[in-house]
Amino acid sequence: MTEHFKLNRLKNFFPFIGWFANYNGRLLSADFLAGISVGLVLIPQSMANAQLAGLPAHYGLYASFIPTIISALFSSSRNMCTGMVGIIAMMTAAALTPLAATGSDGYIAYAVLLSLLVGAIQISLRLFRLSYLVSFLSQPVIAGFSNASVILIAISQFGKFFGVNVEPGNTYLETFYRVLSAALQDTHLPTLGLALLALLIIKLLPRFSPRIPAILLAVVTTTLLAWAFDFEDKRIIDADHIRSENASAIFTELRSDLAELQALQSERDAAHLQLKSIGEKSFNTILELQYQQDSLDAELANLRSQLGLNRSRLRNLRLVESPEQPGTFIERNSPALSTTDGSNPKIWKLSVPASGQDFSKVTISSGGDVVGHIPAGFPGLSLPYMEAATLLDLLPFALAIAFIGLANGMAVAKTNARESGDYIDAKQEVLAQGLANIASGLSHSGPVSGSFSSSGVSARSGGSTGMTAVFAGLTPLLAMLFFTPMLYYLPLSVLAAIVISSMMTQLRFTMFKHNWLVHWTDGFIGIATFVVTLASAPRIDIGLMIGVGLSMAVFLYSSMHPGIVSLSINNDGKMCDSSVLKDQQKCEYLAVLRFQRSLSFMNSSVLEEYIHELVKRKPLLRHIHLVCTGINEIDASGKETLSLLVRWAHKSGIGTSMNGLNERVRAVLERSGLIDEIGRENIYDTLRDAVCSYHSRLPEAQSDTHHCHWQSFCEKTEAHNCTITDCYNKHKKL
């Protein structure tokens, strides 16, 4: 018996032990085929989401190898596939963009640190049994945040989709406007054509051949086309080879501004360090240092704006190769260009990154962007260098990503469980996701979470155990070892099309309507989270915090303002909420109240005020009965309030009684002695016993049937209780 118990505990912690209880060749074959199907989808999706996170595309492959396998081994879901997903990738980019240039070595190092920090937070939640904190992300908040994120993710890919490059704005919406403006004037048609072809394959192929992986076919087809027609067509040249006074002036100004930016940044960093280490210096010194830092921040912002303007001017230049001096380039509208032969020279554009270039050498292109060189093999496992200050800067984002990642992973697991009927252990899922993020950090990649699309493919492909995800995780490894040269020509616009197509299927605007129908506050919280997340991007964590704050505010308000229902009898002799009885008289002598929340320090005063107001409104009131079926807990403040009410009522000549006390509340009343103060004879098992007992002792209520309808209720042989819904439908106000 003890060995059996130990084995069950071991299986709970290591779910993969249970995979092999009745495993056979047929299940292995099914898992292998399903795993290959998932892996073929996982490769392009992970590369697309790595680009979304601001990482080189092949870092998505790193995140799809060991993290996917680790998550499968420890997950309680047989179809869980973990990797880089859109929402987490977008939050990663929002966290790291202010810290380093996108795609740079520093940026990648921060992404690795962020993944390790996210994993540590998630594992800590499991170890300290704090997994329930994820429930602070209510369904309306998740609905609003996820819908806004889906839209932001889709529009963030439009630049790659149309083949245009613009300077990032202060917000995603500003950047989107710039992309649309550029696309109307300068769309690269081959780039757009390949993206549209990929979208058509992804959307139409499943209707005709569901078994063929549409994403894989789109990738293979467009990559072959890009290779065959020299889609990239890119050169790296010396900036001096561009014979243009306009370009030379911009290069000179950019180099000067970059040198000034570096000097200002060093000065600002020194001021920041001095401010942090001032210790017990005077208040005036602190103000002076803070003013100096703010002034430098303003200068840096102006200088970055000027740099962005000059980079945009470079992107707008159109160059052609000089027919007289091959290897040098002049502007398309240059008077030196002779077109008397009627030929159309090839147009070249400058590829100007948002940062991180000295402009001694520049990249020119007449084609589109491709994934490019991917290092063969796996980078190995290692820990990055960590600084306490950096970890503190990343901590707020890591907390948001950790909670959103867990909510996303649980949603994936529960969605699959609805079809398979499996039991999902929430604590085990927290551990699995935490270990996957640690593995992703050790694998030199960014944060990961459960993937709806990959997990769905696993379920539809017939995966029977987590071995499906193990085989899926091995597929990117094979790609890294043997097939990286084939991925060189994969167009970035196709990766953008994969992201956009995935996002199109994840919009759930009906959630807002459903939440509003449940309660208008839920609908409002979802819509507010949605709007703030859109408006605050790239700081989408602000939308999340606003949503959580609104949820907590609504919860606190409802806790502090509990429902107190006054029960009465309708004309049919049935018990109802008196608020839905339109013109019928209520009993003036006997009040039956139902308190609909635990009685605590947060709301006990509400009950006290309600009863005092009730006595003022009903001068003939002789008895108050409290239905306690909704009171699950009672604290010292609630007990004290009940005691004061009972004493005050008795002093005013008003009787009190209760029914529906559960064991926990009754135990509190027993220990505190309040039950004797109320009188044990005034504690009833049922509402009918209490009402009819006290009604029979009130002669004025029995004689005045016009002002008290409880007589008809007590004369029935059985209690006729109708639901509040029944009463509302019968007596609702039109």
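All values below were derived from every heavy atom in this structure, side-chain atoms included, with hydrogens, water molecules and symmetry-related copies excluded.
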Got a sec, which residues hit salt bridge (charged side-chain N to carboxylate O under 4.0 Å, His left out) with D233, two or more places apart in sequence or on another chain? K346
Y23: partners by ring pair (Phe, Tyr, Trp, His ring centres under 6.0 Å), with sequence neighbours left out: F20
Quick one: OG on S149 to CD1 on I88, what's the gap to the nearest 0.5 Å? 9.0 Å
When every non-hydrogen atom of S156 is compared with those of L52, the smallest separation belongs to OG-CD1, 3.3 Å
Who pairs with R304 by salt bridge (charged side-chain N to carboxylate O under 4.0 Å, His left out), at least two apart in sequence or on another chain? none
Looking at side-chain heavy atoms only, is the closest gap between I87 and F145 below 4.5 Å? yes
Using side chain to side chain donor-acceptor pair (under 3.5 Å) as the criterion, list what pairs up with T68, not counting sequence neighbours. none
Go through it in stages, so that I can follow the logic: the residues are F231 and L225, the test is side chain to side chain contact (heavy atoms under 4.5 Å, CB included), and I'd like the CA-CA distance, side-chain angles, deciding distance and then a yes or no. CA-CA 8 Å; F231 172 71; L225 288 173; over 6 Å; no
Considering all heavy atoms, the nearest L152-A537 contact: CD1-CB, 3.5 Å
Could you give the side-chain donor-acceptor pairs of residues 35-51 under 3.5 Å, partners two or more places apart or in another chain?
from: S37; atom 1: OG; to: L33; atom 2: O; distance (Å): 3.1
from: Q45; atom 1: OE1; to: S453; atom 2: OG; distance (Å): 2.9
from: Q45; atom 1: NE2; to: S453; atom 2: OG; distance (Å): 3.2
from: S46; atom 1: OG; to: L42; atom 2: O; distance (Å): 2.8
from: S46; atom 1: OG; to: I43; atom 2: O; distance (Å): 2.9
from: S46; atom 1: OG; to: G60; atom 2: O; distance (Å): 3.4
from: S46; atom 1: OG; to: S64; atom 2: OG; distance (Å): 3.3
from: N49; atom 1: ND2; to: Q45; atom 2: O; distance (Å): 3.2
from: N49; atom 1: ND2; to: M84; atom 2: O; distance (Å): 2.9

Pairs of donor and acceptor atoms involving the side chains of residues 396-409, under 3.5 Å and at least two apart or interchain, shall be tabulated with distances.
from: N408; atom 1: ND2; to: S449; atom 2: OG; distance (Å): 3.2
from: N408; atom 1: ND2; to: G450; atom 2: O; distance (Å): 2.6

In sequence, state the C-alpha distance, the side-chain angles, and the governing distance for H373 and H58, and then conclude on side chain to side chain contact (heavy atoms under 4.5 Å, CB included). CA-CA 9 Å; H373 175 68; H58 58 277; over 6 Å; no
Distance from F162 atom CZ to H188 atom NE2, nearest 0.5 Å? 14.0 Å
Test item: T222 side-chain N/O and V219 main-chain N/O as donor-acceptor pair under 3.5 Å: yes
Report the distance from atom OG1 of T529 to atom CG of L534, rounding to the nearest 0.5 Å. 11.0 Å
Does anything in residues 432-441 form a side-chain hydrogen bond (donor to acceptor under 3.5 Å, both in side chains)? List the pairs, not counting sequence neighbours. T82-Q433, Q122-N437
For R126 versus Q428, what's the shortest heavy-atom pair and its separation? NE-N, 4.5 Å
Taking the side chain as everything from C-beta on, heavy atoms only, tell me whether L442 gets closer than 4.5 Å to Y62. no
Distance check, rounded to the nearest 0.5 Å: Q265 atom CD versus Q262 atom CD? 9.5 Å
Using 0.5 Å steps for rounding, measure from the CD1 atom of I70 to the CZ atom of F65. 9.5 Å
Could you check whether any side-chain heavy atom of F471 comes within less than 4.5 Å of a side-chain heavy atom of L28, counting everything from C-beta outward? yes
Could you walk me through whether T363 and L350 pass side chain to side chain contact (heavy atoms under 4.5 Å, CB included), step by step? CA-CA 6 Å; T363 302; L350 281 162; over 6 Å; no
Looking only at heavy atoms, what is the nearest atom pair of S464 and D31, with distance? N-OD1, 2.8 Å
For R508, is there any backbone N or O sitting under 3.5 Å from a side-chain donor or acceptor partner on N147? yes
Going from CG on D369 to NZ on K234, what distance comes out if it is rounded to the nearest 0.5 angstrom? 5.0 Å
Just jot down the ring pair (Phe, Tyr, Trp, His ring centres under 6.0 Å) partners of F176, sequence neighbours excluded, or say none. F158
Side chains of L544 and L137 in contact at under 4.5 Å (non-hydrogen atoms): yes
Can you check whether A111's main-chain N or O pairs, donor with acceptor, with S115's side chain at less than 3.5 Å? no
Please find the pair of heavy atoms, one from V112 and one from G441, that lie closest to each other, and give the distance. CG1-O, 3.1 Å
In a table with atom names and distances, give each donor-acceptor pair under 3.5 Å that connects a side chain of residues 476-496 to protein atoms at least two apart or in another chain.
from: Y488; atom 1: OH; to: E232; atom 2: OE1; distance (Å): 3.2
from: S493; atom 1: OG; to: T191; atom 2: O; distance (Å): 3.2

So, S77 and E429: side-chain donor and acceptor under 3.5 Å apart, yes or no? no
In this structure, are over 12 heavy atoms from other groups packed under 6.0 Å from L392 atom CG? yes
Backbone N/O of I498 and side chain of S501: donor-acceptor pair under 3.5 Å: yes
So which atom in P67 and which in V448 form the shortest heavy-atom distance, rounded to 0.1 Å? CB-CG2, 4.4 Å
Judged by atom type as modelled, is there a donor-acceptor pair below 3.5 Å linking the side chain of T97 to the main-chain atoms of A94? no
Test ring pair (Phe, Tyr, Trp, His ring centres under 6.0 Å) applied to Y172 - qualifying residues, sequence neighbours left out: none
Looking only at atom types and distance, does a side-chain atom of S365 sit under 3.5 Å from a main-chain N or O of G367, one as donor and one as acceptor? yes
Taking the side chain as C-beta and beyond, is there a heavy-atom pair between Q157 and M503 under 4.5 Å? no
Side chain to side chain contact (heavy atoms under 4.5 Å, CB included) between T221 and L224, worked out: CA-CA 5 Å; T221 302; L224 289 174; over 6 Å; no
Please name all residues satisfying side chain to side chain donor-acceptor pair (under 3.5 Å) with S502, sequence neighbours left out, ordered by chain then number. Q506
Identify, with sequence neighbours excluded, every residue that meets ring pair (Phe, Tyr, Trp, His ring centres under 6.0 Å) alongside Y107. none
